[in-house]
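Ligands are counted one by one from 1 in listed order, and the atoms in each one are counted from 1 as well. By convention here, the first residue in the shown sequence is residue 1. Only this structure's heavy atoms are used, side chains among them; waters, hydrogens and symmetry mates stay out.
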Amino acid sequence: MHKIDALEEKIKQAMQEIGFEVDQVLLNPSNRPDLGDYQYNGAMALGKKYHDNPMNIAEKIVEKIKHFPEFKSISTANPGFINITLSDEFLIDFANTSLRNITSNYNLGINKTIFLDYGGPNVAKVLHVGHLRSANIGQALNNLCEIVGCKTISDIHLGDWGRPMGMVILEIKTRYPDLAYFKEDYNGEEVDFNLTNDDLLELYPTATTKAKEDEQIMEEARKINLELQNKHKGYYALWKKIVEVSVGEIKRLYKDLNIDFDLWEGESDNFEYMNELFDYLYSKNIVTKSDGAEVIDVKEETDKKEMPPLILIKSNGAVSYEATDLAAIWERIHKFKLDEIWYVVDKRQELHFNQVFRASYKSGITSDTKLIFNGFGTMNGPDGKPFKTRDGGVMPLSDLLDNVTRVCEARLMEGITENRYDIARTIAVAAIKYADLLPFRTTDYNFDIDKFTDLNGKTGTYLLYSCVRMNSLLKKASEKNLEYQEIKVLKTETERKILIAMLDLKRIVKRSFENCSLNEICEYLYKITNLYNNFYAENKVLTEENIDTKTSWLALTKLLFDNNKQLLDILGINIPEKM
Ligand code: ARG
């Protein structure tokens, strides 16, 4: 059991012994650190319950527990607070346990199986800055789920199906009508057609604009799309090629960002389940016709806002985005035994998911599996408006990464001659990811390259720098053959503060998991890094004469490094060797 939990339990028992009925004792990190490390505020409620002065109650409790070896001191304060200062032995013991098993501070023993749907990029379309958040937050949540004890299955859920695919194929057909894909007798053979991601980036906007401007082209694209869905040999083979090229580029970018998936499925895979899904839905008699469309009513009595019906099939006969997501749920729950499915998607899609979830529960597709929408806010440009390139276009994610890498490379120490680009890339990724995870998930924020890479700010750069420094201190100690297995003594107030902050970590991890947001972990990393940097400035570790003090300080450094590395891992951030 975590040491704070154990202490709370012990205090609870002592209180029961003196006759106070309590279900739970909660020790809160003190907001008056001058008075104590933790405070217990329960005496106020007990005062009401037992019609007694809270101060009396607090004093009775203190009298009963003041001899606990966990405490250095304990006192009461008006109107009934109990202030606790933990003993050094308690903190040292906690630190050494953590040092031996750092994950004990993160594992909450939650053993759900959670399916995470994040990323969701669209095939053949440029991956722009708007696509960063889903993949970044989703991956970090995935890592968080695993570290608290859950089993996870992640799926990129590619947007690889639908009318735009028909448009792109039509555009290719118009330009290269002689390609084997378009021949009557095409039989699935390999076609010598060189298609690159850059080609797609040009093809997609051209094709979609043409279709939008010309109803005839749109109609033709629709037809092609329908044939594609019926697995027309040539179109299907070409589509496969488009997907392959596009996914190659997506993989390359995501790899740099430490983003990966168990499943690289797409809407096309869900489509395979569409017939089964429709048979099921029809059998439940919940599908009705409305203005030529097929819909499911998902209103509920308690609705305050209007809830439009979910459209399964549009009036033009096309299968809707909602139907695709229902088919995705259908597939997932038939393949896996899931406690929850999490969607990490732009919060502007909330209504869509609300409708889908309701239809899924209402029709009984899901009963035991909880569907959870984790929407996120927008990343805007520095001016607070949607991010644009200098010429007014959308900013491709790869350009953004390259720009930040360039800034970071220019700032690298001159002494670093090898791997400058790779190191700068690692720092750039840290700067971008940390800035993206720092605000609460649903909050919008403005991208600001100078602010995000500031070595002295609340930034990924700052965190990495501190880790690199800890690492280099530990290396130097190893070179001097210094052993530092555990902490033996605490010398300064700052050391105590670091350990007290670390005691609080498990709760922060818990809240992060419950809120499905990484903001508190980001804030926490900044706070504990600051504390360590104070410690580093106050003490000369390597030249300290007292050997117990010196090895304790090294062990503390190791603990901090391991801790921060673990937390950065959750965020999907790597630590470079040097910077
Ligand atoms: N591809 C979609 C888009 O760009 C996002 C997919 C989100 N996930 C989902 N299951 N619908 O809007």
Side-chain angles (χ1 to χ4, degrees), residues 114-139 141-142 152-165 167-168 200-201 204-205 208 225 239 242-243 246-247 249-250 253-254 259 261-274 277 310-312 318-333 335-336 338 340-360 365-366 369-379 386-387 394-397 441-442 516:
I114 301 179
F115 191 104
L116 291 103
D117 176 319
Y118 59 91
N122 297 319
V123 158
K125 226 171 155 178
V126 60
L127 205 59
H128 63 78
V129 294
H131 293 118
L132 173 72
R133 301 210 77 193
S134 175
N136 191 32
I137 299 172
Q139 184 66 51
L141 287 178
N142 187 6
T152 65
I153 302 163
S154 58
D155 180 16
I156 186 170
H157 198 75
L158 288 167
D160 61 352
W161 211 231
R163 223 170 29 186
M165 292 294 127
M167 297 177 195
V168 172
L200 288 175
L201 296 190
Y204 188 100
T208 46
N225 189 44
W239 168 78
I242 295 170
V243 172
S246 191
V247 168
E249 170 67 7
I250 292 170
L253 258 176
Y254 278 180
I259 289 159
F261 300 89
D262 298 317
L263 306 175
W264 287 76
E265 294 220 340
E267 295 179 11
S268 63
D269 296 286
N270 311 140
F271 208 80
E272 303 286 320
Y273 295 81
M274 210 53 95
L277 170 75
L310 174 145
I311 298 177
L312 269 185
V319 171
S320 70
Y321 181 38
E322 286 70 30
T324 315
D325 263 314
L326 281 172
I329 295 175
W330 180 273
E331 175 179 356
R332 289 163 184 175
I333 60 146
K335 279 192 178 162
F336 309 102
L338 304 173
E340 294 175 3
I341 304 180
W342 290 15
Y343 294 84
V344 185
V345 182
D346 192 312
K347 68 182 176 193
R348 286 169 291 190
Q349 292 197 22
E350 182 159 16
L351 175 63
H352 162 81
F353 283 100
N354 241 328
Q355 292 181 307
V356 169
F357 294 175
R358 285 185 178 196
S360 178
I365 296 175
T366 35
T369 306
K370 225 166 130 186
L371 305 169
I372 298 171
F373 178 67
N374 289 317
F376 53 80
T378 316
M379 172 172 125
F387 218 117
V394 290
M395 171 81 89
L397 185 52
R441 174 168 46 73
T442 52
C516 305

(request) Verify ring-ring contact (aromatic ring centres under 6.0 Å, His included) between Phe357 and Tyr343, making sure each step is shown before the conclusion. (result) CA-CA 11 Å; Phe357 294 175; Tyr343 294 84; 5.4 Å; yes

(message) Are Trp161 and Phe271, when compared by the centres of their aromatic rings, separated by less than 6.0 Å?
(response) yes

(message) Yes or no: does His131 have any heavy atom under 4.0 Å from an atom of ligand 1?
(response) no

(message) Would Pro121 count as a polar contact of ligand 1, with the cut-off being nitrogen or oxygen pairs under 3.5 Å?
(response) no

(request) For ligand 1, indicate whether the residue Phe353 contacts it via side chain, backbone, both or neither (heavy-atom separation under 4.0 Å). (result) side chain

(request) Say whether Tyr118 and ligand 1 are in contact under the criterion: heavy-atom distance to a ligand atom below 4.0 Å. (result) no

(message) Any nitrogen or oxygen of Gln349, side chain or backbone, less than 3.5 Å from one on ligand 1?
(response) yes

(message) How long is the straight-line distance from CD1 of Ile114 back to OG1 of Thr152, given to the nearest 0.5 Å?
(response) 8.0 Å

(request) State the CG-CD distance between Leu351 and Gln355, to the nearest 0.5 angstrom. (result) 4.5 Å

(message) Among all the protein's non-hydrogen atoms, which is closest to atom 4 (O) of ligand 1, and how far away is it?
(response) Asn122 ND2, 3.0 Å

(request) Could you tell me how the ring of His128 sits relative to the ring of His131: parallel (under 30°), tilted (30 to 60°) or perpendicular (over 60°)? (result) tilted

(request) Before signing off on this row, confirm whether Tyr343 and ligand 1 have an N or O atom pair separated by under 3.5 Å. (result) no

(request) Evaluate side chain to side chain contact (heavy atoms under 4.5 Å, CB included) for Val247 paired with Ile156, printing each intermediate quantity in order. (result) CA-CA 11 Å; Val247 168; Ile156 186 170; over 6 Å; no

(message) Test of understanding: given a 4.0 Å heavy-atom threshold, classify the contact between Asp325 and ligand 1 as side chain, backbone, both, or neither.
(response) side chain

(message) Can you report which non-hydrogen protein atom sits closest to atom 8 (N) of ligand 1, along with the distance?
(response) Asp117 OD1, 3.3 Å

(request) Using distance alone, decide if ligand 1 has a nitrogen or oxygen within less than 3.5 Å of any nitrogen or oxygen in Tyr321. (result) yes

(request) Evaluate the ring planes of Phe353 and Tyr321, with Trp represented by its six-membered ring, and classify them as parallel (under 30°), tilted (30 to 60°) or perpendicular (over 60°). (result) perpendicular

(message) Can you tell me how far apart CD1 (Ile153) and CG (Asn142) are? Round to the nearest 0.5 Å.
(response) 10.0 Å

(request) Pull out every atom of ligand 1 sitting under 4.0 Å from any heavy atom of Gly120, numbered as shown with elements. (result) 1 (N), 2 (C), 4 (O), 5 (C)

(message) Quick test: of every protein heavy atom, which one is nearest to atom 9 (C) of ligand 1, and how far off is it to 0.1 Å?
(response) His157 CD2, 3.4 Å

